[in-house]
S.K.: 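Right, I'll just put the structure down here and ask away after.
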Amino acid sequence: MPKQPSRKVYESTPQRVLARAVAAVLVQQGVELSQQERRQIEYIVAESPRPELGDYGIPLARYAKRYRIDIDKFFENASALLIREPVVAEAKRVGGYLNIVINAANAAKLVFEAAHLEGFGYGRVKTDRPERIVVEHTSANPVHPLHIGHARNASLGDALARLLRARGHIVQTRFYINDMGRQVAVLAYGYIAAGLDNPPDGVKPDHWIGLVYAITHTLADIEELKRKLDKLKKEEKYDEYRQLLHELDELVAVASRLRERDPELFERIANALKGSDPAAEISKLMQIYEYRRDPKKVELFRRVVELCLQGFRETLSRLGIDIEKWDWESELAWTSMVSKIIEQARRSPYATVYKGALALNLQPLLRDPVVRERLGLSEDYEVPPLILQRSDGTTLYTTRDIAYSIKKFREFNADRVFNVIAAEQRLEQLQVRLALIALGYRREGLNLVHYAYEMVNLPGQKMSGRRGRYITLDELIDQAVAIARQEVEKRSPDLPEEEKQRIAEAVGTAAVRYTLVSVSALKPMTFNINEALNFDRNSAPYILYTHARASSILSKARERGIQLDWSSIDYSAASENQLRRSLVIQALVYPYVFAKAADEQRPELIVAYLNRLADTFNKWYTSGDSAINESDRGKQMFKLALVYTIKQILANALDLLGIKAIDRM
RNA sequence: GGGCCCGUAGCUCAGCCAGGAUAGAGCGCCGGCCUCCGGAGCCGGAGGUCCCGGGUUCAAAUCCCGGCGGGCCCGCCA
């Protein structure tokens with residue numbers, strides 16, 4: 001098999017080149033290196049803080065000491081190896097560092113040719129160990145529209161899937177439809193009781209569902225509260241009574257706000273709920289659904305969920321996100337999958353009875369050092385027993401999740417499964433993994449990854465789905481698109497209306513996605529829409545603008561009859577100025593950044609890389625080192641090829657984040 | 001009460017897993033520049049007890065221990 005050009009570039013990146021040389025010299029001097037240790041050498045390669053020291057370097061003092069080898073000889077031998085690399089112009093010792101100066105001309109040749117040959121494929125270095133991987137993401141409860149938090153989940157999940165695919169893995173994406181929870185039962189109760197059908201024309205189905213849910217939930221809570229109040233009054237507990245009365249006031253206020261949003265709908269649900277016992281009705285409905293006792297109600301239940309999912313799909317598709325498989329939680333209960341888990345649990349040595357219910361005692365698993373290491377736990381970590389079945393025989397969320405995990409592995413024959421799920425579900429995810437191991441699904445338990453992310457806040461907003469208080473993702477996208485539209489209006493007033501709108505849509509949605517993956521997943525973040533749409537810096541619009549600018553340079557060249565002839569490039573032009581050099585080196589390093597981002601599942605590395613690359617490119621652009629006005633043909637070809645390459649990298653990297661580059665804006 | 005995550009410039013964040021060169025970006029602030037392939041632009045500057053205290057090390061933002069502050073979790077909820 002011929003070597004992939006990007007692979008050749010990858011192996012010529014400073015990280016790989018330096019690590020290879022250092023490893024070789026260590027081995028030469030009799031040191032035995034594990035695969036892991038080789039890998040770690042690569043990690044400590046760093047960019048030099050000042051150009052006069054070189055471009056990249058590696059601190060060597062630690063090796064000299066750790067392996068007790070002659071430091072002078074070490075430098076000498078490593079340097080000798082390094083200067084044989086075409087991309088290395090010079091290797092030098094600076095203090096305890098071994099530094100290299102990149103041969104920009106050779107690097108440029110290598111990178112330009114790869115970019116020219118592979119185009120869209122440039123940078124997508126394939127892994128040596130392809131895996132089958134399932135990425136489950138978004139999986140929002142189908143009771144209200146998606147909000148900004150779901151957007152973080154979806155953006156991360158989709159970026160993850162794209163990174164892994166580009167890396168050569170075989171990936172499937174899945175959405176878990178949570179239709180067995182109490183929340184959906186609340187919604188279905190209101191929907192069925194009020195005899196509702198379809199949302200009115202022009203209303204997005206999930207928005208309408210969200211309102212039905214909030215109205216039903218609030219009215220049900222009011223009923224519930226009234227019952228409690230009666231009871232307290234009879235028992236003469238006046239302190240508690242007064243407190244609940246206050247709560248009731250608040251709920252009534254919430255209800256009246258909900259009524260304003262759709263008086264007719266509100267009255268319809270209110271009438272249907274009048275005089276009923278909602279809590280009891282909802283529980284009854286849950287049972288009906290779990291055991292499929294009333295086909296008509298089951299069908300309506302499904303129908304209401306389906307309506308909400310329609311809305312989800314619409315929103316996701318606007319963001320360019322397509323999820324391949326949609327799995328119904330109810331399907332697990334309706335087939336034998338969940339009962340099988342219960343059976344296995346009963347027979348398991350980890351079975352126990354906790355608070356009178358069937359449970360698993362997962363604590364003993366922590367004696368296994370492999371389990372501790374893979375799940376990141378200390379020996380004295382305390383895992384609460386996991387109850388699998390209610391006293392009335394119905395199943396619990398986590399039990400169904402265990403069954404679902406097995407399904408994900410089995411159906412796709414997966415080596416690994418990533419669950420993109422909020423960090424607050426950490427304990428539940430841990431219990432699922434431990435339970436899998438306890439029930440004999442060790443491989444699955446060890447290879448299920450909880451890809452946790454923290455919450456997203458909107459400045460000055462408190463959300464509540466139950467009360468219908470939220471900003472929908474749709475509204476947020478609309479806002480982003482509107483801001484983008486204004487910018488397009490200023491920058492390109494002469495474009496046709498339709499084109500302007502198309503660009504605004506692309507820019508606005510990209511801005512949302514880009515910002516949501518720009519911060520590492522474990523940090524809580526505040527989503528600031530104005531920063532997301534800052535056209536001047538650190539944003540999708542900025543990167544898209546840079547891409548459009550590069551595109552425009554190339555098309556202008558074509559207009560003037562300047563053809564990019566790859567065989568006439570004068571590569572010596574690469575080192576004639578700092579900005580060109582810097583661009584070449586950044587382009588060289590791209591395959592490495594990509595591989596690292598994919599292997600560590602860190603899309604934010606791509607964002608950071610893009611911001612920097614665009615900065616340097618724009619700096620070069622504004623420095624006046626014009627390609628079109630260049631009189632020397634070889635140099636002109638170099639500059640055009642550089643523009644071409646950077647444009648290609650911008651587009652390729654954006655694609656990993658699910659963003660399509662555009663040529664005008 | 002216990003566990004997990006986070007704490008770096010006024011603000012938003014990189015860097016920490018894998019210790020190493022004078023700790024980096026952007027926003028904001030201050031000062032300059034603008035006849036150039038796409039100007040809401042460009043260049044420069046100020047701004048830091050890396051939460052605190054110990055320890056390990058030739059070397060600590062990074063590792064270990066103890067605190068402090070914030071978030072989340074500890075349901076026969078999902």
Side-chain angles (χ1 to χ4, degrees), chain A residues 36-37 39-44 46-50 53-54 57-62 65 94-97 99 141 143 178 180-184 329 354-359 376-378 380-384 387-401 422-428 430 452 454-455 457 487 490-492 515 518-520 522-526 528 530-531 534-539 542 545-546 548-557 559-560 562 600 604-605 607-608 611-612 615 618-619 621-630 639-640 643 664-665:
Chain A
Q36 175 73 5
E37 284 169 314
R39 198 66 206 265
Q40 286 183 359
I41 300 175
E42 189 171 294
Y43 294 137
I44 64 171
E47 249 177 283
S48 127
R50 289 183 301 283
L53 305 176
I58 185 168
L60 285 187
R62 57 170 70 191
K65 181 153 189 200
V94 183
Y97 277 79
N99 288 349
N141 275 337
V143 293
N178 238 271
M180 298 266 306
R182 199 182 160 76
Q183 295 186 16
V184 178
E329 185 181 9
Y354 182 70
K355 295 188 190 170
L358 171 67
L377 301 171
S378 63
D380 53 0
Y381 188 90
E382 283 176 45
V383 197
I387 292 176
L388 293 176
Q389 194 175 33
R390 291 193 187 93
S391 310
D392 67 2
T394 55
T395 57
L396 285 149
Y397 173 80
T398 309
T399 315
R400 298 188 292 266
D401 204 6
E424 61 188 5
Q425 291 207 47
R426 225 171 218 133
L427 178 58
E428 190 270 346
L430 176 67
E454 284 291 347
M455 293 293 130
N457 302 301
E487 292 289 335
K490 283 176 207 151
R491 285 161 197 262
S492 309
T515 302
S518 70
V519 177
S520 51
L522 281 176
K523 291 215 179 175
M525 71 176 293
T526 301
N528 182 329
N530 293 317
E531 270 174 42
N534 177 357
F535 273 57
D536 295 326
R537 222 55 98 173
N538 293 351
S539 70
Y542 174 62
Y545 176 75
T546 308
R549 178 178 255 180
S551 222
S552 137
I553 295 169
L554 295 174
S555 62
K556 182 141 295 176
E559 276 167 34
R560 305 214 179 150
I562 309 166
E600 297 177 6
E604 75 271 20
L605 297 183
V607 170
N611 287 336
R612 185 169 171 200
D615 276 346
N618 286 318
K619 216 174 254 186
Y621 172 84
T622 50
S623 77
D625 191 20
S626 164
I628 287 176
N629 300 333
E630 172 64 59
K639 291 182 186 177
L640 282 178
V643 173
R664 299 190 69 171
M665 63 183 277

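Every chain is numbered from 1 and lettered A, B, ... according to where its sequence line falls, protein lines coming before strand lines.
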S.K.: Nearest to the A:Arg537 side chain among B:G3, B:A21, B:C27, which nucleotide is it?
M.R.: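 So the nucleotide nearest the side chain must be B:C27.
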S.K.: Is the distance from OP1 or OP2 of B:G19 to the nearest side-chain N or O of A:Arg62 less than 4.0 Å?
M.R.: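 Checking B:G19 against A:Arg62, a side-chain N or O does come within under 4.0 Å of OP1 or OP2.
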S.K.: Just checking A:Ile44: base, sugar-phosphate only, or nothing, at a heavy-atom cut-off of under 4.0 Å?
M.R.: nothing
S.K.: Work out how far the P atom of B:C52 is from that of B:C30, and round it to whole angstrom.
M.R.: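 These two P atoms come out 30 Å apart once rounded.
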S.K.: Consider the side chain of A:Leu522, meaning its heavy atoms from C-beta on, and name the nucleotide among B:G3, B:C5, B:G38 that approaches it most closely.
M.R.: B:C5
S.K.: Which atoms form the tightest heavy-atom contact between A:Ile553 and A:Ile628, and what is the distance?
M.R.: O-CD1, 3.7 Å
S.K.: Select base, sugar-phosphate, or nothing to describe what A:Arg612 touches, counting heavy atoms under 4.0 Å on all strands.
M.R.: nothing
S.K.: Here's a test of your reading of the structure: between A:Gln36 and A:Pro49, which maps to the more 5' nucleotide of RNA chain B?
M.R.: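 Nearest nucleotide further toward 5': that of A:Gln36.
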S.K.: Could you check how far CG of A:Asn534 sits from P of B:A25, rounded to whole Å?
M.R.: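 Taking atom P of B:A25 as the reference, CG of A:Asn534 is at 17 Å.
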S.K.: So, the side chain of A:Thr399 versus the backbone of A:Thr395: is there a donor-acceptor pair under 3.5 Å, distance only?
M.R.: no
S.K.: Looking at every strand, decide which applies to A:Asp392 at a 4.0 Å heavy-atom threshold: base, sugar-phosphate, or nothing.
M.R.: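 No contact at all - A:Asp392 keeps every heavy atom at 4.0 Å or more from the nucleic acid.
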S.K.: With heavy atoms under 4.0 Å as the rule, sort A:Glu428 into base, sugar-phosphate or nothing.
M.R.: base
S.K.: Take atom CD of A:Gln183 and atom P of B:C77, then tell me their distance rounded to the nearest Å.
M.R.: 13 Å
S.K.: Suppose you measure atom P in B:C16 against the same atom in B:A61; what distance do you get, rounded to whole Å?
M.R.: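 14 Å, rounded to whole Å.
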S.K.: Side chain of A:Asn178, heavy atoms from C-beta onward: which of B:A78, B:G26, B:C72 has the nearest atom to it?
M.R.: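 Shortest atom-to-atom distance from the side chain points to B:A78.
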S.K.: Tell me whether the side-chain N or O atoms of A:Ser552 pair up with the base of B:G38 as donor and acceptor below 3.5 Å, since no angle test is needed here.
M.R.: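 When only heavy-atom distances are counted, A:Ser552 does reach the base of B:G38 through a donor-acceptor pair under 3.5 Å.
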S.K.: When you compare B:U35 with B:A46, how far apart are their P atoms, in angstrom units rounded to a whole number?
M.R.: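 So the two P atoms sit 28 Å from each other.
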S.K.: Taking CD from A:Gln389 and C1' from B:C76, how many angstroms apart are they, rounded to a whole number?
M.R.: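 Checked: the CD to C1' distance equals 10 Å.
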S.K.: Tell me whether A:Arg491 forms a cation-pi arrangement with A:Tyr545, defined as NZ or CZ under 6.0 Å from the six-membered ring centre and within 45 degrees of its axis.
M.R.: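 So A:Arg491 does make the cation-pi contact.
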S.K.: I'd like to know if the side chain of A:Ser518 and the backbone of A:Thr515 have a donor-acceptor N/O pair within less than 3.5 Å.
M.R.: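 Confirmed, A:Ser518 side chain pairs with A:Thr515 backbone.
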S.K.: Tell me whether A:Asn99 contacts the main-chain N or O of A:Leu53 through its side chain, where contact means a donor paired with an acceptor under 3.5 Å.
M.R.: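 Side chain of A:Asn99 to backbone of A:Leu53: a pair is present.
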S.K.: Given 3.5 Å as the limit, does a donor-acceptor pair link the side chain of A:Asn528 with the main chain of A:Asn530, or not?
M.R.: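 Confirmed, A:Asn528 side chain pairs with A:Asn530 backbone.
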S.K.: Nearest to the side chain of A:Glu329, which nucleotide is it out of B:C42, B:A21, B:A78?
M.R.: B:A78
S.K.: For B:U12 and B:G71, measure between their P atoms and round to the nearest Å.
M.R.: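 Rounded to whole Å, the distance is 15 Å.
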S.K.: Crowded around A:Arg182 CZ? As in, over 12 foreign heavy atoms under 6.0 Å?
M.R.: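 Yes, because the 6.0 Å sphere around CZ of A:Arg182 holds more than 12 heavy atoms from other groups.
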S.K.: Considering every strand shown, what is the Watson-Crick or G-U wobble mate of B:C4 when both distances are under 3.5 Å?
M.R.: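 The answer is B:G71, by the H-bond criterion.
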S.K.: Could you state the atom-to-atom distance from CG of A:Leu60 to P of B:A18 in whole Å?
M.R.: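 From A:Leu60 CG to B:A18 P: 19 Å.
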S.K.: Could you list the protein-to-nucleotides 7-15 of chain B atom pairs, N/O on both sides, closer than 3.5 Å?
M.R.:
residue: B:G7; atom: OP1; partner: A:Lys523; partner atom: NZ; Å: 3.0
residue: B:A14; atom: OP1; partner: A:Ser520; partner atom: N; Å: 3.2
residue: B:A14; atom: OP1; partner: A:Ser520; partner atom: OG; Å: 2.6
residue: B:A14; atom: OP2; partner: A:Lys523; partner atom: NZ; Å: 2.5
residue: B:G15; atom: OP1; partner: A:Arg602; partner atom: NH2; Å: 2.3

S.K.: Taking atom P in both B:C43 and B:U62, what distance in whole Å separates the two?
M.R.: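 34 Å, rounded to whole Å.
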S.K.: Should the side chain of A:Asp615 and the base of B:A25 be counted as holding a donor-acceptor pair, with the cut-off at 3.5 Å?
M.R.: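 A donor-acceptor contact between them is absent.
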S.K.: Quick one, A:Arg62 with A:Glu37, criterion salt bridge (charged side-chain N to carboxylate O under 4.0 Å, His left out). Give me CA distance, side-chain angles, the key distance, then yes/no.
M.R.: CA-CA 13 Å; A:Arg62 57 170 70 191; A:Glu37 284 169 314; over 6 Å; no
S.K.: If you check the A:Asn141 side chain, which of B:A21, B:C43, B:A78 turns out closest?
M.R.: B:A78
S.K.: Using atom P in both nucleotides, what's the gap between B:A23 and B:G48 to the nearest angstrom?
M.R.: 13 Å
S.K.: Would you say A:Ser48's side chain and A:Gly54's backbone share a donor-acceptor pair under 3.5 angstrom?
M.R.: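 Looks like yes, one N/O pair under 3.5 Å.
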S.K.: Select one nucleotide: of B:A18, B:A78, B:C42, the one nearest the side-chain heavy atoms of A:Gln425.
M.R.: B:A78
S.K.: Would you say A:Arg182 reaches B:G75's phosphate, i.e. side-chain N/O to OP1/OP2 under 4.0 Å?
M.R.: no
S.K.: What's the CD-P distance between A:Glu630 and B:C36, to the nearest Å?
M.R.: 19 Å
S.K.: Scan A:Ala423 against the nucleic acid and name what it touches under 4.0 Å (heavy atoms): base, sugar-phosphate only, or nothing.
M.R.: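 It contacts nothing in the nucleic acid.
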S.K.: Distance check needed: B:G75 C1' versus A:Leu396 CG, whole Å only.
M.R.: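 Answer to the nearest Å: 9 Å.
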S.K.: Taking CD from A:Glu487 and P from B:G38, how many angstroms apart are they, rounded to a whole number?
M.R.: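 After rounding, the reported distance stands at 19 Å.
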S.K.: Hey, does A:Lys556 reach any base, or is it just sugar-phosphate, or nothing, if we go heavy atoms under 4.0 Å?
M.R.: sugar-phosphate
S.K.: When the C1' atoms of B:C68 and B:U49 are considered, how many whole Å apart are they?
M.R.: 15 Å
S.K.: Across all strands shown, which nucleotide pairs with B:G44 by Watson-Crick or G-U wobble geometry, both distances under 3.5 Å?
M.R.: B:C30
S.K.: Does the structure show a Watson-Crick or G-U wobble partner for B:A25, both distances under 3.5 Å? Name it, or say none.
M.R.: B:U12
S.K.: Using the C1' atom as the reference point in each nucleotide, state the distance between B:A60 and B:G19 in Å, no decimals.
M.R.: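 That atom pair is separated by 6 Å.
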S.K.: Under a 4.0 Å threshold between the charged nitrogen and the carboxylate oxygen, would A:Lys639 count as salt-bridged to A:Glu630?
M.R.: yes
S.K.: Just by distance, do the side chain of A:Ser520 and the backbone of A:Lys523 share a donor-acceptor pair under 3.5 Å?
M.R.: no
S.K.: Taking for each residue the nucleotide of RNA chain B bearing the nearest heavy atom, is the 5' side occupied by A:Ala548 or by A:Ser48?
M.R.: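 Counting from the 5' end, the first nearest nucleotide belongs to A:Ser48.
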S.K.: A:Arg50 near the nucleic acid: base, sugar-phosphate alone, or nothing, with a heavy-atom cut-off under 4.0 Å?
M.R.: base
S.K.: At under 4.0 Å between heavy atoms, what does A:Tyr354 touch on the DNA or RNA strands: base, sugar-phosphate, or nothing?
M.R.: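 It contacts nothing in the nucleic acid.
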S.K.: Which nucleotide, B:C42, B:C73, B:A21, lies nearest any side-chain atom of A:Glu424?
M.R.: B:C73
S.K.: Separation of A:Arg426 atom CZ from B:C72 atom C1', in whole Å?
M.R.: 9 Å
